[in-house]
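Heads up, the thing below is written out as C-alpha cells.
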Amino acid sequence: MKIPYYPGCTLNTVAKGFETSAKEAALSIGFELAEMPAWNCCGATFPLTPDNLIALSAPAKVLSSARKTGESLTTLCSVCYNVLKRTNSVMKNDREKRAVINGFIETDYDGSLNVTHFLEILRDNIGFDKVKAAVKQPLTGLKAAAYYGCMLLRPFEDMGIDDAEDPVVMENLLAALGAEAIKSPNRIECCGAHLAMTNEDIVVKLSGTIMTSAVRNGAELIVTTCPLCQYNLEKSQSRVASDTPGYAGIPIVYFTQMLGLALGQDVDTLGFDKNIWDARPLLRKKGIIK
Amino acid sequence: MKIKLTKGAIENPLIRQLERVSGEELKRCYQCGKCSAGCPVTFAMEIPPSQIMRFLQIGMMDDVMKANSMWVCVGCLQCYARCPQSVSVANVLEGLRQLHLRKGEDREQIKDVPFPFLKNAPQQAIVCGFRKFVS
Amino acid sequence: MTAHGKQTEYQTGGFEPKIMAYVCNWCTYAGADLAGTSRMEYRPNVRIIKLPCTGRIDPLFIIKAFENGADGVLVSGCHPGDCHYTTGNYHARRRWIGFKNLMEFTGIDMRRLHFSWVSASEAIKWVDLINKVTDEIKQLGPFMEYKGLKGK
Amino acid sequence: MPRIGIFVCQCGNNIAATVDTKKVAEEMARLPGVVFACDYKFMCSSPGQDMLKQAIKDNRLDKVIVSACSPHMHEKTFRKASEAAGLNPYQCEITNIREQCSWVHHDKTKAAGTAKSIDLTRMTIERLKKNKPLKKINIPIKKKALVIGGGIAGIQAALDIAEGGREVILVEREPSIGGNMARLSETFPTMDCSQCILTPKMVEVELNEKITLYTYSEIEKVDGYIGNFIVQIRRKAKYVDEERCTGCGECIEKCPFKVESQFEMKLAKRKVIYTPFPQSVPNVPVIDAPNCPKIQKDKCGACAVVCGPKCIDFKMEDRIITEDVGAIIVATGYELMPNERFGEYGYGRIKDVISGMQFERLASSSGPTGGEIRRPSDGKTPASVVFIQCAGSRDEKKGVSYCSKVCCMYTAKHTMLYHHKVHEGQSYVFYMDIRAGGKRYEEFVRRAIEHDNAMYLRGRVSRVYEKDGKVIVQGADTLSGNQVEIEADMVVLATAIVSRTGADTVAQKLGIGYDKYKFYNEYHPKLKPVETVTAGIFLSGACMGPMDIPDSVAQGSAAAAKALSLFSSDEMMREPITAVVNKPTCNACWDCVTACPYSAIERDTVKNRDGVVVRWLAKVNDGVCQGCGVCVAACRSKAIDLKGYTDEQVYAAINAF
Ligand SMILES: Cc1cc2nc3c(=O)[nH]c(=O)nc-3n(C[C@H](O)[C@H](O)[C@H](O)COP(=O)(O)OP(=O)(O)OC[C@H]3O[C@@H](n4cnc5c(N)ncnc54)[C@H](O)[C@@H]3O)c2cc1C
Ligand SMILES: Cc1cc2nc3c(=O)[nH]c(=O)nc-3n(C[C@H](O)[C@H](O)[C@H](O)COP(=O)(O)OP(=O)(O)OC[C@H]3O[C@@H](n4cnc5c(N)ncnc54)[C@H](O)[C@@H]3O)c2cc1C
Ligand code: SF4
Ligand code: SF4
Ligand code: SF4
Ligand code: SF4
Ligand code: SF4
Ligand code: SF4
Ligand code: SF4
Ligand code: SF4
C-alpha cells in the first residue's frame, strides 16, 4: 500500500532523520510513504488573520496538486499538518475564500483531500495493536515522555487528532512499542516556536519548563513530532542545564525514530547521529541497542 | 494614569480596521483573564493578552501598537483554546502585526538574523519567523 | 361600498387607500389600544379585524380583503417568542413563506402586503407602521386588478 | 332576519369630539337586520346599561352591538348586561371606536372618525349576524395534586397543599426524598445545617396523612387536562416490602457487597442494599438490582436471611399504578455538569480536584469524613484550597452561557466552612464577578473575605496540573494585571448547574415547554413564574433554572397556592373560544394535531356497531384548547373551526369592508 506523503521543507533538510526513520518504519509495517511528486513549502505558519488569503495559496497549491493523484495526504511534521489541515478546511467550507484562492493559484480545488498526520495513520488505519504485534525490539524499561507542543492539537476544532488538554495518542504509541510512557503536565505547552529567531531567552525558558518537567516526572527521553520543537528543546539544553541545578539534559528524539527502533530497524539508519544530543548511549544502557 | 474616554476614541477607525483584519469581535471579550492565565509568554509581554483586549475595547490603540506583546506571542493558540467566549487573542495580535507589516514597518531586519541560526535552524522556523516579523 | 367613496371626499390629498389590518388580540391589538390611550395620531385608513392570534390567519383572508376593495393589507402580531399561545406566530410565519409565492402568482404586488410585529407596549411602532404603510400604498395608487371580482 | 340593536357611545366627549355618533347610528339603522340604533353619552354608566337592557326587551333584539371603547375595557360589562336582558352573552359584540378611532384621529371636522366608525360598526354587524350562541365551558376539578420530585421545592409544595386540606401524591425517583439539599453541609446565607432544617420537613411529609409518598417511582404517562389528569406512575421494584420493613438496617449491615455511592458523590461506598443516607425518608432500603449478585445470578441472598420480618423479595417487579389528579407540580430539580468536560481543570485525572458538591460532602458532619476537610488523594488536611468559580457556567464554548446563580454564594460559604474547620488554612477564590444579589448575600461574601480570610482573585484559571504532590493552579489576577500561580493542596470547582438528564422526556410527557438547556419554561417570566403553558401544571424549584433554597421554597409555596386556588371551586368556567371539528369533512391528515401548540387535539376513532374502527378523525379537547386558532388555518380541508372566530364570522366582516 502506498500512502501519499508531504515532507515539507524541513524534513528534506535538517530533519532528515525524522523522514528516513518514518519511511523505513512504514515499510516494516507494510506500507510505503510515497512522497508526492511536486510540492512547495506550506508557509510554515497558518495565517491567523482571515483576510490574509495570499498566505493560503502556498498550502492550497500543495493540496490541490496532491488531490490530482490521490484522496489523502499524510504529514510527519506538526506544523505542516496544522497548516495543510487548516487550509484544507478553509477550502472545503468557505466558498468565497475558496474561489479567490483558486483564482490565485489557477486551480479548482474543493477541499476534498483527507489530510492526516502519520500518527493518525498508525492509530486509525494500522492500529496500535498491529504496530505492537510488529515490534521486534521492544523499548522495555525506557521511560519516554511524549511532547506534543501546540500545532498538533490546536485549534481543536480543526485538528481534532486528540483531546487538546489531555492527549494520549503518543503515549499509547509508546506503550505499544514497549516503553513506559511518562505523562508530563507541560507536554501540551509551547516550546517558543519561531521566537528562536528573535527571543532566544523566551525559548530557553519555555523549552526549559518542558524538559525539566518531563525529567521531574521520571522521563529519560522526550519524543516529539516537530522539527522546530526538537530544535528548540535541544538548543536550549545547555542553558537550561546551567540554570537548573540537578538537570543534566535529556535526549529529544522523533517518534518515528523510536518507532523504527522498535520495529527492528538498524539504529544507524534512524538519524540519531543528526540529533545534537545523542540518544544512543541511553538506549545502549537500557539494552535496547548494542 | 487617567484615560479620557470619548466616543471618538473608542470608535478609533484603526481599531475597527483591526477587527476586520483579525476577524475578531473585540466586544465579545468579557475580561475573564483566562487567556492571560494560560499564555506561556504573558511574563514577557508588556501588556498581557486580556489587557490587550481591554485596551482595544476602550480605544487605547496607540499603547497596544507600541507594546511588545504582538511580537512575543508564539501563536500557540492556548488563549483561543481556553477562551470561554471563543475569542482568539492570537488572531488579534497577528492582526496588530499585520497592521505594522502592511505599512512596511518590519520588526526584524533580515541582515540582523544571526548566521548560525539561518544555517542550523529548521527551515520552518526561518520561514515562519520571516512571516511573523518581516513584511 | 358607500363609506369607501365618502371617505375619500374629506381629504383633498387625492387618493386615500383603504387598508385592512389583521392583528392578534394580545399584542398588536393591545399596542394599538395603547396608541389610543396615549392619544397619538395616525392616518385613518386602516380597518382592524381582531383575531386571537396571527396563527389563526388563513391566507385566504388576505386575498378576500383585496377582493373586497382593500388597497393594502397589514398583518401584525406578537414578536417571535412572545406569542400568547407560545408558538402561534411561528406557525403564521412558516405559512407566509409558502403564501408569498401564491400571492405573486395571483398577481398581487407584494408591496401591498405588510407583515410586522407590534407588542402591547409598542404604540409608537404601531403609529409609525400605519403611517408608513398608508403612505407607501398611497404611492402605489389604488389596487385595481381585483376590483369587480367581488360577487362573482 | 335577525333583530339587531346598535348602541353608539359618545364617551362624554372622548368619542363625540371627532366622531359624529348620531350619524353613525343613523347610517347603521339603514342596514338590513338593524331594528334599533341610537347614540348615548356614557354607555357603561348604570343608566347606559339600563337603557341597553330596556332596548333589548322593548325591541325584542336578539343581537346587539355597542360601538364604544376597546373590548378589552368593557366587553365583559356589556355581555353581562345583555345576558341580564335575556340574550346569550356571545350575541353582544363591541366595536372599538375610541382607542382605535376617536383617540387616534384628531380631525375636528369628524369626517375621518365618522367614516371609520361607520366602516368598523358595519363590519361588526355583518360578523355578528353569523354569531352563534355559545356556552361557557364547565370543567369539573379533581381536588388532588401530584408533585413530581421530592427535593426541597417539591417537599414544600406537597406540605403546603396538604396543610390546605387537599390530598397530594409525591413521586420521587430516588429511594429517599430530600434531593440535592440533603447533600449540603451548611447553607447560605444563614449557615444553618442543611440536615437540621430539612429532616423535620421530610419526616412531616412521611407523617402527613394527606400525602401519599411514592419513592423509587417515576411518571410513566400523563393524560387529560386541567382538573382531570390521569397519571400512570411506575413504582420501581425495591425488592423490599415497604409495608413490613421496620427500617432496622440489619440487611444493610450484612450485605457483603459495596459500590460507589452516588449520594456521596463517589467519595464513599455504599452497600448494594441501601438507603441513600441515614435520615432517608422513607427509611426503607432498596436493592440496587444491577449490582446485586442474587438478582443477577442467584448468588448471595444474605439480606433475606437476616431480615426479621422477611420483607425481602428478590422476585419483585415494577408496578404501574394510575392516579387521578387535578393539578401537577413539577419539581424535578437540577444536576451538575460533568467537570471532565474541562480538561484544563484536570477533574477526573487529578484526585484532589473536586466539585463543589463533593466539598459539601467533605464538610458535612454526616459525610464520609465526618465533616473534616481532608483531601481525597491521601486524606491529609489541605493547607491551601483554590476555589474556581464559573466552572462551566458563563462559558459559551465548552459549557453553558448562563450564570448558575448559586455558586458565588456557595463558594463564599465553602471558604468560611474551610476557615472554620482549618484555621491555619488559606483559601483562594478565582471569580469573574461576584453575584450576591439577595437579602444579606453581599454581606455574606464580604464576611468570607474580611473575617474568614478568603483571598479573592478576579480572573479565571487556565490550567491545573500536578507537581510533586501539589496541585498547581495557573490563573490570572486581572485586577493587578498579572499571571498568578498557586501551589494548592486541593482545588474545588464551582460546577455549572444543569437540567436533569431526561428533563425533556418528562416535559414531553407533560406537554410543557423547555428552553435550549432543557430547563422548564414558565408561562411568563415575570407575571406567571410558576405556571406553564399547560393549564393545571405548575413548576417550582431548580427544574426551571438555577435557584437557591429560599427561591425554591418560595416557588414551592407559590405553586401550591396555585393548585389550592384551583381546588377552591368544584369546577371552573372557561371562555367557550375553542376549536371544534366538523366530523364529516375531517380527513384525518393530522395537520392540526402537529400545529396545535397545546396538544389539544387528539386522534379519535369512529367505531361501527361491532366496535370496529371505521375511521379516524381529529377531536379537540375543550379542557386543553386555548383558542388560538392555529389549527383552523392549518387545516386544508376546512374541517376545524374556532368558536367565536369562525371562518364564517371573519369572512362576513371582510365582505363588509
Ligand atoms: C454545591 C452546592 C451548594 C449549594 N449550597 C446552597 C446553600 O448553601 N444555600 C442555598 O440556598 N442553596 C444552595 N444550593 C442550591 C440548592 O441545592 C438548590 O437550591 C435546591 O437543592 C433546589 O431544590 P429542588 O427541590 O428544586 O431540586 P433538587 O434538590 O434537585 O430536587 C429534585 C428532586 O426531584 C427528583 N427527581 C428528578 N427527576 C425526577 C423524575 N423524573 N421523577 C421523579 N423525581 C425526580 C430528584 O431525585 C430530587 O429528589 C447549593 C447547590 C450546590 C450545587
Ligand atoms: C429603576 C428601576 C427599574 C426596575 N426595572 C425592573 C425591570 O426591568 N424588571 C423587573 O423585574 N424589575 C424591575 N425593577 C424592580 C421592580 O420595580 C420591583 O420588583 C417591583 O416593583 C416590586 O413590586 P412590589 O409590589 O413588591 O412593590 P412596589 O411596586 O413598591 O408596590 C408597593 C405598593 O404598596 C403601596 N404601599 C406602601 N406602603 C403602604 C401602606 N403602608 N399601606 C398601603 N399601601 C402601601 C405603595 O404605594 C405601592 O403601590 C426596577 C426597579 C427600579 C428601581
Ligand atoms: S480568555 Fe477570552 S474572554 Fe477571557 S479575557 Fe481572554 S479574550 Fe477575553
Ligand atoms: S497565541 Fe500568543 S497570546 Fe495566545 S496564548 Fe499563545 S502566545 Fe499567548
Ligand atoms: S363604554 Fe367605553 S366609550 Fe362608552 S362611556 Fe364607557 S368607557 Fe367611554
Ligand atoms: S442479596 Fe444482594 S442486596 Fe442482599 S445481601 Fe446479597 S448482595 Fe446485598
Ligand atoms: S432487615 Fe428487613 S426490616 Fe430490617 S431494614 Fe432490612 S428489609 Fe427492613
Ligand atoms: S453564580 Fe457566580 S460562580 Fe456561579 S456562574 Fe454565576 S458568576 Fe459564576
Ligand atoms: S385553537 Fe389552538 S389550542 Fe385550540 S385546538 Fe386549535 S390550535 Fe390547539
Ligand atoms: S387538519 Fe383538518 S382534516 Fe386534518 S385532521 Fe385536523 S381537522 Fe381533520
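Since the model is a prediction, treat every value here as computed from it, not as a measurement. Chain A is the first sequence line, chain B the second, and so forth, proteins listed ahead of strands; every chain is numbered from 1.
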Do the side chains of [Y] and [X] get nearer than 4.5 Å, heavy atoms only?
{"X": "A:Thr198", "Y": "B:Trp71", "result": "no"}
{"X": "A:Lys205", "Y": "B:Phe43", "result": "yes"}
{"X": "B:Phe130", "Y": "A:His194", "result": "no"}
{"X": "B:Glu94", "Y": "A:Phe46", "result": "no"}
{"X": "A:Arg154", "Y": "B:Cys76", "result": "yes"}
{"X": "B:Pro122", "Y": "A:Gln230", "result": "no"}

Which portion of [X] sits near chain B, non-hydrogen atoms under 4.5 angstrom:
{"X": "A:Ala15", "value": "neither"}
{"X": "A:Leu153", "value": "neither"}
{"X": "A:Cys80", "value": "neither"}
{"X": "A:Glu200", "value": "neither"}
{"X": "A:Leu206", "value": "side chain"}

Between B:Ala90 and chain A, with a heavy-atom cut-off of 4.5 Å, which part of the residue counts as in contact: side chain, backbone, both or neither?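 Both parts, heavy atoms under 4.5 Å.
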Is chain A contacted by the side chain of B:Val41, its backbone, both, or neither, given a heavy-atom distance below 4.5 Å?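 Contact with chain A: side chain only.
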Looking at [X] and [Y], what are the two nearest heavy atoms and their distance?
{"X": "A:Thr45", "Y": "B:Cys128", "answer": "CB-SG, 3.7 Å"}
{"X": "A:Leu195", "Y": "B:Val72", "answer": "CD1-O, 3.3 Å"}
{"X": "A:Leu48", "Y": "B:Lys132", "answer": "CD1-NZ, 4.4 Å"}
{"X": "B:Ile126", "Y": "A:Met197", "answer": "O-CE, 3.6 Å"}
{"X": "A:Asp51", "Y": "B:Arg102", "answer": "OD2-NH1, 2.7 Å"}
{"X": "A:Pro50", "Y": "B:Asn91", "answer": "CD-ND2, 4.4 Å"}

Pick whichever of [options] has the most heavy-atom pairs under 4.5 Å with chain B.
{"options": "A:Asn199, A:Val203, A:Ile202, A:Thr209", "result": "A:Ile202"}
{"options": "A:Cys191, A:Pro47, A:Gly149", "result": "A:Pro47"}
{"options": "A:Cys226, A:Pro155, A:Ala193", "result": "A:Pro155"}
{"options": "A:Cys150, A:Cys42, A:Cys77", "result": "A:Cys150"}

As a quick check of understanding, evaluate side-chain contact (heavy atoms from CB on, under 4.5 Å) for A:Lys235 and B:Phe117, giving each step before the final call. CA-CA 10 Å; A:Lys235 270 288 281 189; B:Phe117 175 78; over 6 Å; no
With no hydrogens and no angle check, do the side chains of B:Gln124 and A:Tyr231 hold a donor and an acceptor under 3.5 Å apart?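 Per modelled atom types, B:Gln124 and A:Tyr231 side chains form no pair under 3.5 Å.
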B:Gln123 vs A:Cys41, side-chain contact (heavy atoms from CB on, under 4.5 Å): CA-CA, chis, key distance, verdict: CA-CA 9 Å; B:Gln123 272 72 355; A:Cys41 168; over 6 Å; no
When heavy-atom pairs shorter than 4.5 Å are enumerated against chain A, which of B:Gln98, B:Gln78, B:Arg107, B:Glu24 gives the highest number?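 Between B:Gln98, B:Gln78, B:Arg107, B:Glu24, the count favours B:Gln78.
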If we define contacts as heavy-atom pairs under 4.5 Å, which of B:Val127, B:Leu93, B:Leu77 has the most with chain A?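 Looking at each option in turn, the highest pair count goes to B:Leu77.
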Within the supplied structure, the quantity of interest is the number of heavy atoms (other residues, nucleotides, ligands) at a distance under 6.0 Å from A:Lys16 NZ; does it exceed 12?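 Count over threshold, so yes.
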CD1 of A:Ile276 to CG of B:Asn120: how many Å apart, nearest 0.5 Å? 7.5 Å
Using modelled atom types only, decide if a donor and an acceptor are shared between the side chain of B:Arg131 and the backbone of A:Gly43 within a distance under 3.5 Å. yes
